[in-house]
**Q** 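This is the structure I have questions about; it appears just below.
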Amino acid sequence: MEQVAFYILSSIIIISSLFMITRKNPVHSILWMLLTFFSAAGIFIQLNADFIAAIQVIVYAGAILVLFLFVVMLLNPKTHGFVAVPFRNIIGVVVVFVVVLEILMALGSMSIHGKYGNITPEKLEALGSVKLFGTELFTNYLVPFEIASILLLIAMIGAIVLAMKK
Amino acid sequence: MSLEHYLVLSAIVFGIGMIGVLIQRNLILMFMSIELMLVAVNINLVAFSKYLHTMVGQVFVVFIMCVAAAEAAVGLALILSFYRNKETINVDEINILRG
């Protein structure tokens with residue numbers, strides 16, 4: 001059952017992201033990207049990361065994609081797709097194939113040397129992943145959390161300043 | 001499911017995002033491909049976080065999402081102000097810095 005769900009979700013992710021990068025109309029590729037993000041949220045649920053799956057849907061599919069959609073509708077860009085220089089496309093695809101092959105070969109000879117943590121499956125079952133995640137975030141990672149909020153504030157001010165008419 | 005399944009999936013998605021960055025000529029679509037690569041990185045981090053019995057990976061995913069949101073906001077504002085000045089977002093026509 002778990003395997004069937006994994007293979008369905010991952011094939012949806014791969015197919016819809018392939019569609020995303022090959023559509024000519026930007027609105028179509030944004031909609032394909034929405035499907036990709038929802039299936040990624042499914043993968044996160046499979047990996048016991050409930051909170052990550054929720055903010056994947058809320059932040060990525062809810063906020064960032066709407067921002068992209070807004071800008072596409074605002075600009076109405078006359079895109080030529082990716083047919084302009086086919087030779088350069090072939091070079092790009094070959095480069096990426098080499099990189100992915102290198103990653104897969106490295107995976108083949110991989111052994112994990114990391115230190116195992118204290119979140120055992122029994123503890124996960126008893127407390128729930130969201131509670132454990134919140135405990136970790138607000139005890140050991142409190143200062144980075146606050147710095148992240150300052151980063152978001154600066155990005156907001158920067159976006160307003162950049163998009164403002166002179 | 002073993003860890004390798006998730007790592008292979010994330011490598012493939014990362015590669016597709018990279019193809020998108022390399023072959024797209026539209027600035028907005030290049031940006032979206034970068035978001036796709038970030039999603040692949042998130043899958044990788046969460047998979048390791050599950051198999052090493054720790055929560056640190058998920059915490060880092062939250063920070064990555066925060067940075068991605070900031071990047072999307074600033075980048076789209078830049079694209080907007082560029083389009084206002086030059087009437088194009090095709091990467092081939094953005095060459096005013098080329099000497």
Side-chain angles (χ1 to χ4, degrees), chain A residues 2-3 6 10 13-14 17-18 20-21 26 29-30 33 36-37 40 43-44 47-49 52 55 59 63-64 67-68 71-72 74-75 77 79-80 82 84 89 92-93 95-96 99-100 103-104 107 112 114 116-120 132-133 136-137 141 144 148 151-152 155-156 158-159 162-163, chain B residues 1 3-9 11-20 22-26 28-29 31-33 35-36 39 42-43 46-56 58-59 61-63 65-74 76-81 83-84 89-90 92:
Chain A
E2 199 194 340
Q3 298 211 346
F6 173 79
S10 50
I13 287 183
I14 291 170
S17 51
L18 275 176
M20 182 203 119
I21 62 167
S29 51
I30 287 177
M33 197 187 185
T36 311
F37 284 167
I43 292 279
F44 289 149
L47 287 166
N48 291 332
I52 302 293
I55 61 172
V59 173
I64 294 183
L67 197 63
F68 275 111
V71 174
V72 167
L74 211 60
L75 300 188
T79 171
H80 315 296
F82 61 102
N89 295 345
V93 173
V95 166
V96 171
V99 170
V100 171
I103 295 175
L104 294 182
L107 275 181
I112 307 171
Y116 279 80
N118 56 354
I119 315 278
T120 54
L132 290 170
F133 170 80
E136 181 79 26
L137 181 61
Y141 289 89
L151 172 73
L152 279 180
M156 193 176 75
L162 281 174
Chain B
M1 303 306 299
L3 176 60
E4 279 79 11
H5 284 88
Y6 294 101
L7 297 189
V8 169
L9 169 68
I12 291 172
V13 176
F14 190 86
I16 292 173
M18 212 163 155
I19 292 177
L22 289 178
I23 72 176
Q24 279 291 344
R25 300 290 99 198
N26 185 339
I28 296 178
L29 289 176
F31 244 77
M32 285 164 53
S33 308
E35 302 287 329
L36 195 67
V39 168
N42 287 351
I43 292 173
V46 175
F48 269 111
S49 150
K50 177 181 177 185
Y51 285 94
L52 290 177
H53 298 308
T54 171
M55 274 291 161
V56 182
Q58 296 192 25
V59 173
V61 168
V62 170
F63 292 141
M65 280 184 178
C66 169
V67 172
E71 175 231 333
V74 174
L76 288 174
L78 275 174
I79 291 175
L80 212 59
S81 70
Y83 186 80
R84 201 178 284 144
I89 53 166
N90 190 339
D92 289 330

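The sequence lines fix the lettering, A, B, ..., with proteins before strands; numbering per chain opens at 1.
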**Q** Which residues pass the ring pair (Phe, Tyr, Trp, His ring centres under 6.0 Å) test with A:Y116, not counting sequence neighbours?
**A**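 For A:Y116, the residues satisfying ring pair (Phe, Tyr, Trp, His ring centres under 6.0 Å) (neighbours in sequence not counted) are B:H53.
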**Q** Would you mind reporting whether B:V39 and A:T36 have side-chain heavy atoms less than 4.5 Å apart?
**A**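 Not in contact.
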**Q** Kindly indicate whether the side chain of B:L9, heavy atoms from C-beta on, has any atom under 4.5 Å from the side chain of A:I14.
**A**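 B:L9 vs A:I14: side chains touch.
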**Q** For B:M55 versus A:L132, what's the shortest heavy-atom pair and its separation?
**A**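 Taking B:M55 first and A:L132 second, the nearest heavy atoms are CE-CB, 3.9 Å.
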**Q** Within a strict 4.5 Å, meaning less than it, do heavy atoms of the B:F14 and A:V100 side chains meet?
**A**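 Heavy-atom side-chain distance check fails, nothing below 4.5 Å.
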**Q** Nearest heavy-atom pair of A:N48 and B:Q58: which atoms, and what distance?
**A**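 Here A:N48 and B:Q58 meet closest at O-NE2, 3.7 Å.
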**Q** Write down the atom of B:A69, the atom of A:I64, and the distance for their closest heavy-atom approach.
**A**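 Heavy-atom minimum between the residues: CA-CD1, 3.9 Å.
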**Q** Determine the minimum heavy-atom distance between A:M33 and B:M32, stating which atoms define it.
**A**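 So the minimum-distance heavy-atom pair works out to CE-O, 3.2 Å.
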**Q** Could you tell me if the side chain of B:L29 sits less than 4.5 Å from the side chain of A:I21, heavy atoms only?
**A**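 No, their side chains stay 4.5 Å or more apart.
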**Q** A:S17 versus B:I16: any side-chain heavy-atom pair under 4.5 Å?
**A**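 Of all side-chain heavy-atom pairs linking B:I16 with A:S17, at least one is under 4.5 Å.
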**Q** Anything under 30° is parallel, anything over 60° is perpendicular, the rest tilted; go ahead and classify A:F6 against B:Y6.
**A**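 Rings of A:F6 and B:Y6: perpendicular, over 60°.
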**Q** Give me the atom names and distance for the closest heavy-atom approach of B:A73 to A:A159.
**A**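 In this case the closest contact between B:A73 and A:A159 is O-CB, 3.8 Å.
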**Q** When you measure from the side chain of B:Y83 to the backbone N and O of A:L75, does any donor-acceptor pair fall under 3.5 Å?
**A**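 It does hold such a pair.
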**Q** Any idea which of B:N42, B:V67, B:I79 has the most non-hydrogen atom pairs under 4.5 angstrom with chain A?
**A**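 Looking at each of B:N42, B:V67, B:I79 in turn, B:N42 comes out on top.
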**Q** Could you tell me which of B:I12, B:V74, B:L76 has the largest number of non-hydrogen atom pairs under 4.5 Å with chain A?
**A**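 Top option by heavy-atom pairs under 4.5 Å: B:L76.
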**Q** Contact part of A:L18 toward chain B, heavy-atom cut-off under 4.5 Å: side chain, backbone, both or neither?
**A**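 It is both, since atoms from each part get that close.
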**Q** With a 4.5 angstrom heavy-atom cut-off, could you sort out which part of A:L74 is near chain B: side chain, backbone, both or neither?
**A**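 Answer is side chain: those atoms of A:L74 sit under 4.5 Å from chain B.
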**Q** Count the heavy-atom pairs under 4.5 Å between each of B:V13, B:I43, B:L78 and chain A, then report the option with the highest count.
**A**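 The candidate making the most pairs under 4.5 Å is B:I43.
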**Q** Examine whether an atom of A:L67 lies under 4.5 Å from a heavy atom of chain B, and if so say whether it belongs to the side chain, the backbone or both; otherwise answer neither.
**A**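 Contact with chain B: backbone and side chain both.
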**Q** Under a 4.5 Å cutoff for heavy-atom pairs, which residue among A:I103, A:L137, A:L107 has the most contacts with chain B?
**A**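 The answer is A:L107.
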**Q** Counting heavy-atom pairs under 4.5 Å with chain A, which one of B:L22, B:V46, B:T54 comes out on top?
**A**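 So the answer, after comparing B:L22, B:V46, B:T54, is B:V46.
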